Amino acid sequence: MKVYNFSAGPSALPVPVLEKAQKEMLNYGSAGMSVMEMSHRSKAFLEIIQAAESGIRELMNIPSNYKVLFLQGGASAQFSMIPMNLYKKRKADFVNTGQWSKKAIEEAGRYGTVNVVASSADKTFNYIPELDASKFDKDADFFHFTMNNTIYGTRFTTLPESGSVPLVTDMSSSILSETYDVSKFGLIYAGAQKNIGPAGLVIVIIREDLVGNTLEGTPVMFDYKIHVENESMYNTPPTFGIYMAGLVFDWLKAEYGGISGIQKYNEEKAALLYDYLDESKMFSGTVEKKDRSLMNVPFVTGNEDIDKKFIDEAKKAGFVNLAGHRSVGGMRASIYNAMPMEGVKALVDFMKAFEKNN
Ligand code: PMP
């Protein structure tokens with residue numbers, strides 16, 4: 001049975017991408033083998049990684065003084081790698097907008113001082129806190145925030161004004177979903193398993209001047225400089241993930257003409273669901289309206305038994321992975337780039353029918 005997959009990650013991939021990968025599975029081009037079986041030093045693979053890099057550079061309009069790295073260890077490895085590479089005075093500012101921010105804060109705290117400038121913990125992270133620039137440390141090595149909060153469904157809509165302190169952001173669940181001005185950031189990182197491709201790959205976009213200052217004792221695999229010098233080929237990179245990412249970048253361009261095209265589509269998709277949540281008498285969104293994510297839409301009925309019944313019945317009807325994160329409960333529909341409008345429409349119709357019958 002065809003299902004609509006609302007998973008927060010790993011999540012749905014575009015069908016044309018999966019079909020292309022299927023077609024090339026046994027024989028990529030004239031290689032006579034699968035991408036998975038190729039040497040990462042082969043000409044065919046070098047072309048794949050170079051095409052993937054130019055693909056994302058073009059989509060995100062990445063300036064030439066930024067490096068693009070294809071690494072492993074997920075976004076979580078970046079929680080450690082960032083302080084190991086960016087700490088000089090060993091202090092950084094952080095905004096705490098939930099579990100992933102907290103993990104980044106804890107990890108950075110192992111190597112230096114962290115200054116939490118704002119938090120939304122008081123309301124289970126259902127909003128983005130106001131930032132008071134007078135609390136920022138002008139002398140910090142970096143300023144870290146989580147652009148889109150996968151679990152709680154919040155997103156930043158304006159960037160923190162950190163002055164000359166480099167902005168560092170976890171863009172795991174919103175990269176490629178709307179336009180961002182890369183030149184405003186020192187470093188952007190994103191795990192692949194939502195809007196980029198299969199799990200196992202993390203992309204790091206880093207301004208050149210931030211490369212090459214690792215703390216003493218940093219393991220070689222955690223040194224950005226090593227990966228920059230070796231063009232992400234210091235060791236064997238996640239080759240199949242990089243190939244799939246390249247196909248996703250091609251698809252975005254072919255299907256939507258680039259990020260502003262998919263952004264418009266994502267705004268329409270999200271509005272369809274939020275509008276219904278706002279008019280429904282049974283379901284309601286949990287996030288303050290101004291901070292609503294375009295990618296992750298959490299909602300509740302206010303009754304845990306009905307939530308559970310809804311999740312079970314939705315699953316039977318082909319709408320899968322709608323349970324909220326285990327730490328918050330309720331429901332969450334993740335509607336990343338690959339989720340078509342039809343999927344959201346069908347979900348809203350299903351919710352309307354459920355509301356009527358219950
Ligand atoms: N940051 C955010 C915003 C996430 O959503 C996730 C995973 N869902 C992570 C970090 C952790 O990513 P990984 O599992 O790739 O380490």
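Keep in mind the model is a prediction, meaning the values are calculated, not measured. In listed order, ligands and their atoms are each counted from 1. We use all heavy atoms of the structure for the numbers below, so side chains are in, but hydrogens, waters and symmetry mates are not.
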Any nitrogen or oxygen of Thr146, main chain or side chain, under 3.5 Å from a nitrogen or oxygen of ligand 1?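 Not met; the criterion fails.
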Ignoring angles and geometry beyond distance, decide whether Ala75 reaches within less than 3.5 Å of ligand 1 through its nitrogen or oxygen atoms.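 N/O-N/O distance below 3.5 Å exists for this pair.
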Going by the atom numbers of ligand 1, which of them fall below 4.0 Å from some non-hydrogen atom of [X]?
{"X": "Thr150", "value": "2 (C), 3 (C), 4 (C), 5 (O)"}
{"X": "Phe79", "value": "10 (C)"}
{"X": "Gly74", "value": "15 (O), 16 (O)"}

Compute whether any side-chain donor of one residue and acceptor of the other, for [X] and [Y], lie under 3.5 angstrom apart.
{"X": "Asn321", "Y": "Asn5", "value": "yes"}
{"X": "Tyr127", "Y": "Asp122", "value": "yes"}
{"X": "Asn296", "Y": "Tyr336", "value": "yes"}

For [atom], closest protein heavy-atom neighbour:
{"atom": "atom 10 (C) of ligand 1", "answer": "Asp170 OD2, 3.4 Å"}
{"atom": "atom 16 (O) of ligand 1", "answer": "Ser76 OG, 2.6 Å"}
{"atom": "atom 11 (C) of ligand 1", "answer": "Trp100 CZ3, 3.5 Å"}

I need the Ile205 CD1 to Arg57 CZ distance, nearest 0.5 Å.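 Going from the CD1 atom of Ile205 to the CZ atom of Arg57 covers 8.5 Å.
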Pairwise distance CG(Leu247) to CD(Glu24) - rounded to 0.5 angstrom: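 Spacing of CG (Leu247) from CD (Glu24) equals 6.0 Å.
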Considering the options Asn149, Ile128, Thr97, which one meets the side chain to side chain contact (heavy atoms under 4.5 Å, CB included) requirement together with Asp291?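 The residue from Asn149, Ile128, Thr97 that satisfies side chain to side chain contact (heavy atoms under 4.5 Å, CB included) with Asp291 turns out to be Ile128.
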Please determine whether any non-hydrogen atom of Lys194 lies less than 4.0 Å from an atom of ligand 1.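 Yes, that is the case, since the closest heavy atom of the residue is under 4.0 Å from the ligand.
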Close approach of Gln78 to ligand 1, heavy atoms, under 4.0 angstrom: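 Gln78: no contact with ligand 1 (<4.0 Å).
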Can you tell me how the ring of Phe145 sits relative to the ring of Phe156, calling it parallel under 30°, perpendicular over 60° and tilted otherwise?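 If you compare the ring of Phe145 with that of Phe156, the planes turn out perpendicular.
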